[in-house]
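Each chain gets a letter, A, B and so on, in the order the sequences are listed, and its residues count up from 1.
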Protein chains: 2
Amino acid sequence: MDIPNNKILLPKQELPRSWFNVLPELPEPLEPYLGPDGQPLSPSVLEVIFPPSLIEQELSPVIEHPIAEPILKALALWRPTPMVRAYRLEKALGVKSRLYFKDESVSPSGSHKSNTALAQAYFNSQAGIKRLTTETGAGQWGTALAIAAREFGLRVRVFMVRVSLKQKPYRKTIMNLMGAEVLPSPSEATISGRAALAANPETLGTLGLAISEAVEEAANQSDTNYALGSVLNHVILHQTIIGLEVQKQLKLAGETPDYLIACHGGGSNFGGLVAPFVPNLKNGEPIKCVAVEPQSCPTLTKGQYRYDKGDAAGLTPSMPMYTLGTDFQPPAIHAGGLRYHGSSPIISSLLKSKLIQAAAVSADDVFKFAQIFAGSEYIIPAPESAHALAYSCLKALELEQEGKSSTIVFTLSGHGLMDLSAYETSLNGK
Amino acid sequence: MDIPNNKILLPKQELPRSWFNVLPELPEPLEPYLGPDGQPLSPSVLEVIFPPSLIEQELSPVIEHPIAEPILKALALWRPTPMVRAYRLEKALGVKSRLYFKDESVSPSGSHKSNTALAQAYFNSQAGIKRLTTETGAGQWGTALAIAAREFGLRVRVFMVRVSLKQKPYRKTIMNLMGAEVLPSPSEATISGRAALAANPETLGTLGLAISEAVEEAANQSDTNYALGSVLNHVILHQTIIGLEVQKQLKLAGETPDYLIACHGGGSNFGGLVAPFVPNLKNGEPIKCVAVEPQSCPTLTKGQYRYDKGDAAGLTPSMPMYTLGTDFQPPAIHAGGLRYHGSSPIISSLLKSKLIQAAAVSADDVFKFAQIFAGSEYIIPAPESAHALAYSCLKALELEQEGKSSTIVFTLSGHGLMDLSAYETSLNGK
């Protein structure tokens, strides 16, 4: 008997040695970030919170960026990650489409966030920085940065969106175990936090506000920098390792994808999957790339494309992007990683130039298909990832109705073992 | 640059095709199970709660048991599991000993329990059984059986020790997601449960009592059987896939083990690792096999070797084993899987004949080394598994003091992502 093999695995030596920078490949050059005076920002201004190496990556015209050896060695702890043929999910849905998921949930933090966390911690440590501040929504990014900081000998303070901390207190436990300090945001530790608490002591917090707190603290302390888990160009650069592996795995499986699907909060997960395929898209290859967001936080599907700030207090530069406005208060949906008013400038540019698409799914569909996936593939997906999963299933079912089938690849960006309160609520709601 | 490879991986085709039955290899034949009349039990009596195939395995004189194809196909979802060289842990401890862990935490249930759960669900489904009852302590076994039952189309009722359910309510959520029903034990659903509640409404519950409830219900319903997650011979048989893979992986790594270490609750995890090595032990190979238990539940290190029941209410046969007595009330330690008064007859026999050893570790050491492991290997171990880990670290440090080093293999039987309340308590206790 042949043992069935559902996993497309790459040998360790096939780990990509360079990241793919999509900036020079964009159909139109990105419009510049703007400072408080409305003028294009001098890159040196960013040195208050970022090391020069990351600023260089943020604006780099070079396509290939070799990955430094210490980062590669740490990534090799769990990478390359499997691309899995979801035979059981296909059977549960009754579709002829071939569904694959790129499994980023096997990382030490349980999500794709570790890919950029390690890189950012490394470049900061090389620049002599001793401490990082950051925000976290769902907790995936905070966990990833806590582990990465430990790997490269840095301290971390994490501002965790209050509603997320309430929903999953054990995210804090993990970060503490890894040596990080965790504060609920808004906190009393910053001017932005105190202002938000004064305005509304009961506020649930937002990612935008937590970013303000982390940026404020980093800007005011010389040994401290700020690390962002999504949105920025250098973050997407580090995440391209996902798409680069998928390209190799598709080749190994002998597949040509019809759909590449990932959920979208700030854009790093989606960008990491899709950016390496931009040259293919420009060549007219018929790959539909779909960024999937919650209907309750519809940045790409209902937002405006314009300059906006990345945070609530307006401490970040203005960036050209799709946005719902910095004062948008997303409801307390159980996908903290997708509660963001804006989007990555790279993703926004790709959407504006119609190289990619966006779609929104309902919370009901998200949990419905998450449960079908859990009950067939025996992996509980993060609610964020379940957005990509739900859209993929809906698409496969729609194609089936039309008598068609496709090859669909989606990213399982994280597991949901820290999100079981959301599942409990969903189970009880029935 | 060579990418460092810390994982000893076997290709899918190297998945063992047979289990290893240690019964014919024991230095002395097992003494028979005894019925309520004190006489050796007729195997047919067990048919009230087990299918004939499992009873046959329980008493089999055959060494090699081919694994049925449907079980192999399900095991292949995540097996063979990695054997990992814990370079970072070695560095954190500052030891020259080589530490390897067999990573059973990568299974769908997050622990080694899936190995026997799938087999038991399969054999019950083949016997026409529609429903299973079981108990669970930490929740690992209940989760594994819920998934396995789903795989083979059975319904499940899980009696979960009340103190464990309180400590980790989300274990129930996972079991519910997989379609299983979960009751706190003692429950009102059984005579044994009602009696225990009448005697002490505040009781924390024990594994022994939860077993009574599950056995009672299975014995009273013809379409329902009982499944046990440890102790019995057929359970250890299914778990030998762990040790069989380790043998291949040691060969691949060019290593000869000095120590084989696993934690011990009922004995299936330890037995699964060690049983395939019994012929080597009988040949006088100098491998020290150590079963590690909590000081607070010292079955092997302080228990008596005698006939005893497997459950609190006395519904099971009497078995020859090390025991603390069925009325032993273990404290509410955060390692629910090790709160059992007895031990597997196979492990008890191996210990009595001195082919293996037993040791107990303190809760302080367990959490101390669990945190060192989490902060170096970036995996949070289940508190149960952390017993094996702690002993392995203590042994490596002791050897280092003596200027010696060894090759130590321990089983990481599960991850601790569902056990973070225990870690939170431990962090706050400092």
Query raised in the report: Below 6.0 angstrom between ring centroids: does that apply to Y170(A) and Y423(B)?
Result: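 No, the ring centres sit 6.0 Å or more apart.
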Testing the basics here: between [X] and [Y], what is the closest heavy-atom pair and its distance to 0.1 Å?
X       : Y       : value
K248(A) : E14(A)  : NZ-O, 2.8 Å
A227(B) : W141(B) : O-NE1, 3.8 Å
Q371(A) : S426(A) : NE2-OG, 3.4 Å

Contacting moiety of [X], where chain A heavy atoms sit under 4.5 Å:
X       : result
L417(B) : both
S421(B) : both
E151(B) : both
L9(B)   : neither

**Report entry** Flag for T173(B)-E424(A): side-chain donor and acceptor within less than 3.5 Å
**Finding:**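 Per modelled atom types, E424(A) and T173(B) side chains form a pair under 3.5 Å.
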Requested in this report: Please determine if E90(A) and R98(A) form a salt bridge, counting it only when a charged side-chain N lies under 4.0 Å from a carboxylate O.
Outcome: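 Result for this pair is no, no salt bridge flagged.
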Requested in this report: Let me know if L177(A) has heavy atoms under 4.5 Å from chain B in its side chain, its backbone, both or neither.
Outcome: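 Both parts, heavy atoms under 4.5 Å.
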**Report entry** Choice from L75(A), N176(A), I174(A), I379(A) maximising heavy atom contacts with chain B below 4.5 Å
**Finding:**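 Winner by heavy-atom pair count: I174(A).
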Report task. Output the option from A146(A), S376(A), P108(A) having the highest count of non-hydrogen pairs under 4.5 Å with chain B. Result ->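 If we count pairs closer than 4.5 Å to chain B, P108(A) comes out on top.
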Requested in this report: Flag the one option from R88(B), K73(B), E377(B) with the top tally of heavy-atom pairs under 4.5 Å to chain A.
Outcome: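 Of the candidates given, the most pairs with chain A belong to R88(B).
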